[in-house]
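Only one structure is covered here, and it is reproduced in the block below.
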2 protein chains.
Amino acid sequence: MTKDAEAASPSLGPLGRAPLSPAVEDYLKAIYALRSEQGAEGVVTTQALADSLRVAPASATNMAKKLASMGLAHHTPYRGLELSETGEKMALEVVRHHRIIETFLAEVLGLSWDKVHDEAERWEHVLSEEVEQLMMDKLGHPTRDPHGAPIPSREGTFPRDEGSLCLCEAKAGAYFIVVQVADEDGATLRHLESLGVRPGSRLFIERNEKVEGVIHLKSGVGDGRVLGHAPARGVWVRHEDHSNTP
Amino acid sequence: MTKDAEAASPSLGPLGRAPLSPAVEDYLKAIYALRSEQGAEGVVTTQALADSLRVAPASATNMAKKLASMGLAHHTPYRGLELSETGEKMALEVVRHHRIIETFLAEVLGLSWDKVHDEAERWEHVLSEEVEQLMMDKLGHPTRDPHGAPIPSREGTFPRDEGSLCLCEAKAGAYFIVVQVADEDGATLRHLESLGVRPGSRLFIERNEKVEGVIHLKSGVGDGRVLGHAPARGVWVRHEDHSNTP
DNA sequence: AATCAAGTTTAGCCTCAACTAAAAATGTTT
DNA sequence: AAACATTTTTAGTTGAGGCTAAACTTGATT
Ligand SMILES: [Mn+2]
Ligand SMILES: [Mn+2]
Ligand SMILES: [Mn+2]
Ligand SMILES: [Mn+2]
């Protein structure tokens, strides 16, 4: 006889797990993103979660307990929380959805890169696995979204950007290639675009003094331009001659 | 001085109206559909609504009062409810979303016509007006969805199918063109497809006796086939020589 | 060791959209 | 006119996911 866990509830997903609510999915994604930002070290505090999701700290604590009870995260009271193995798997599934949708909106529908994030933020919760697959086929299985973020495989693996650093820390007098750009703020994206800063762009850093809070750079577009450290914090670059230049 | 109702809340939609919840949108759509089914006459009962949405009657009554309080419907207790002018406008907007999404899923992504409905049922609540427009552009502004249902214009107008009748009432010995097929039940759609019954199909009715509960018909596909009255109830046809045959 | 600020959790409340069970209205049949 | 079955509404509950205000931990500072 076979395990018939599938027959237990009529509303189980295609893989036997109950579908997660949009709120749960957003929390998982946020935990995953915050841990990544911190360089994969340590746990995520409820405070950081609350800030990230623009929610009261108490709400984050509530959800932390819920995630723990669902086996999606480990919660040490007053310390923080960390995704469980299945929690990370689910988080990556949401991230995958999000990035495939962003790419699809940009490539197939021509939606500008500063608008795809907000739309994907909602679509990610309603996309079936089958349509996800169809989107991927249509797109030719890209590995990065319009902001340069890697699209996790269905198994949850994706290339780490090893040698990348924040644009704010790029030393002057050298060329850098833009790897990835933070996608949450549309206004910043529109500004970066006007400066010619997008994934793949080649930048020459003319000047970058921390005290000035400003980076002087040259891209293909126009002549020298100036960018504040705040928006630069969302831009990751790598040294031009790190490996692949064909 | 001008009405500054817009400044009242930060979370108003692009047109000054607050966004409707998925539940409200589904109720509006159901009311609209039920009234259409009845031939545009009379009001919709809470019972019919409850059946249609698979919800307890009390839930439908609750929502009826809510819709009335929002000015989207008129509710006469113990009698039924009817969409207001703005309610109908909003209902048509949801229907437009739904049918554009269905068409997009079928045409652009190649999702089969028996699966597009369920997916669209969820997407319709998260689609922005801008992306709706981009989908329409990509599709070349079709007027019907994959099941033959007309796509309302942004203004809420669409062609009425005047001379159409239910396949169950098609008289034997004549040719009919399939106009539209009910899209809710995937299994029925798959069966109809195997019979060659889809919008635009030309059918010859060989025999149709009510007592038998069965229709004998011929389509382009295979030779004579038989269809029960139950699935036939979801198929609308028109006489072949009613106007346009090029 | 005691105090204090910052961060976290608890307690209690709210809205939405569902539910069940009981009460009320309606329309039909005697 | 009265009784009855059906439909609809009311009343009270539930669960998810927010909120505020108060209480509690924690780690740093006196
Ligand atoms: Mn989201
Ligand atoms: Mn992105
Ligand atoms: Mn829906
Ligand atoms: Mn349809």
Side-chain angles (χ1 to χ4, degrees), chain A residues 9-11 13 17-31 34 38 42-82 90 94 121-122 124-126, chain B residues 8-12 17-31 34 38 42-82 87 90 94 121-122 124-126:
Chain A
S9 154
S11 59
R17 0 183 180 86
L20 304 179
S21 70
V24 168
E25 291 188 341
D26 281 339
Y27 274 96
L28 291 177
K29 194 160 56 104
I31 296 168
L34 288 168
Q38 302 170 160
V43 297
V44 172
T45 66
T46 51
Q47 179 96 255
L49 247 190
D51 289 348
S52 159
L53 293 171
R54 299 165 186 290
V55 137
S59 303
T61 300
N62 269 351
M63 187 56 87
K65 294 204 289 194
K66 184 175 186 186
L67 294 178
S69 83
M70 293 196 296
L72 296 170
H74 307 291
H75 181 212
T76 318
Y78 293 100
R79 283 284 117 95
L81 66 170
E82 200 169 10
M90 304 305 284
V94 182
E121 198 60 43
R122 301 189 309 272
E124 63 193 1
H125 308 292
V126 302
Chain B
S9 155
S11 60
L12 289 180
R17 359 181 181 87
L20 304 178
S21 70
V24 167
E25 290 188 342
D26 281 339
Y27 274 95
L28 290 177
K29 194 160 56 109
I31 296 168
L34 288 169
Q38 302 171 155
V43 296
V44 173
T45 66
T46 50
Q47 180 96 253
L49 247 190
D51 289 348
S52 159
L53 293 170
R54 297 165 189 290
V55 136
S59 305
T61 300
N62 270 351
M63 186 55 86
K65 295 204 288 194
K66 183 175 186 186
L67 294 178
S69 84
M70 294 196 296
L72 296 170
H74 307 292
H75 181 214
T76 317
Y78 292 99
R79 283 285 116 93
L81 67 168
E82 201 170 8
M90 304 305 283
V94 182
E121 198 61 42
R122 301 190 309 272
E124 62 192 3
H125 308 293
V126 303

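All chains are named by letter (A, B, ...) in the order of the sequence lines, taking the proteins before the strands, and each is independently numbered beginning at 1. Quantities reported herein were computed from a predicted structural model and do not represent experimental measurements.
Among the atoms of the strands shown, only primed sugar atoms or phosphate atoms (P, OP1, OP2) are found under 4.0 Å from some heavy atom of Thr46(A). At the heavy-atom level, Ala56(B) lies under 4.0 Å from base atoms of the strands shown. Residue contacts shown for Ala58(A) include a base, since a base heavy atom lies under 4.0 Å away.
Tyr27(A) has its OH atom 5 Å from the P atom of dG18(D), to the nearest Å. When rounded to the nearest whole Å, the span between NZ of Lys66(B) and P of dT9(D) equals 17 Å. In this structure, the CZ atom of Arg54(A) is 17 Å from the C1' atom of dC19(D), given to the nearest Å. Going from atom CG of Asn62(B) over to atom P of dT7(D) covers 19 Å, rounded to whole Å. As rounded to whole Å, 18 Å separates atom P of dT6(D) from atom CZ of Arg79(B). Distance Met63(B) CE to dA18(C) P: 5 Å, rounded to the nearest Å. Rounded to an integer number of Å, the gap from Leu81(A) CG to dT8(C) C1' is 12 Å. Following rounding to the nearest Å, His125(A) (NE2) and dA16(D) (P) show an atom-to-atom distance of 18 Å.
Contact annotation: Ser59(A) side-chain N/O to dC19(D) OP1/OP2 distance is under 4.0 Å. The side chain of Thr45(A) places no N or O atom within less than 4.0 Å of a non-bridging phosphate oxygen (OP1 or OP2) of dG7(C). An OP1 or OP2 oxygen of dT10(D) is reached within less than 4.0 angstrom by a side-chain nitrogen or oxygen of Lys65(B). Between Gln47(B) and dT6(D), a side-chain N or O to OP1/OP2 separation shorter than 4.0 Å is absent. Between His75(B) and dT8(D) there is no side-chain N or O to OP1 or OP2 distance below 4.0 Å.
The heavy-atom pair separating Val55(A) from Ala60(A) by the smallest distance is CG1-N, 4.0 Å. Contact between Arg79(A) and Val43(A) at its shortest, heavy atoms only, is O-CG2, 3.7 Å. For the residue pair Leu81(B) and Ala64(B), the shortest heavy atom distance occurs at CD1-CB, 3.7 Å.
The side chain of Thr61(A) lies closest to dT9(C) when the candidates are dT9(D), dT9(C), dG17(D). For Val55(A), taking side-chain heavy atoms from C-beta onward, the closest of the listed nucleotides dC19(D), dT9(C), dG17(D) is dC19(D). When distances are taken from the side chain of Pro57(A) to each of dC19(D), dT9(C), dA18(C), the shortest belongs to dT9(C). Of the candidates dT7(D), dA18(C), dT9(C), the closest approach to any side-chain atom of Ala23(B) belongs to dA18(C).
In this structure, CG on Leu49(A) lies 9.5 Å from CE on Met63(A), to the nearest 0.5 angstrom. To the nearest 0.5 Å, atom CG of residue Leu67(B) and atom CG of residue Leu20(B) are 9.0 Å apart. Distance CD/Glu121(B) to NZ/Lys29(B): 3.5 Å, rounded to 0.5 Å.
Comparing Tyr78(A) and Val24(A) by the nucleotide of DNA chain D that holds the closest heavy atom to each, the one mapping nearer the 5' end is Val24(A).
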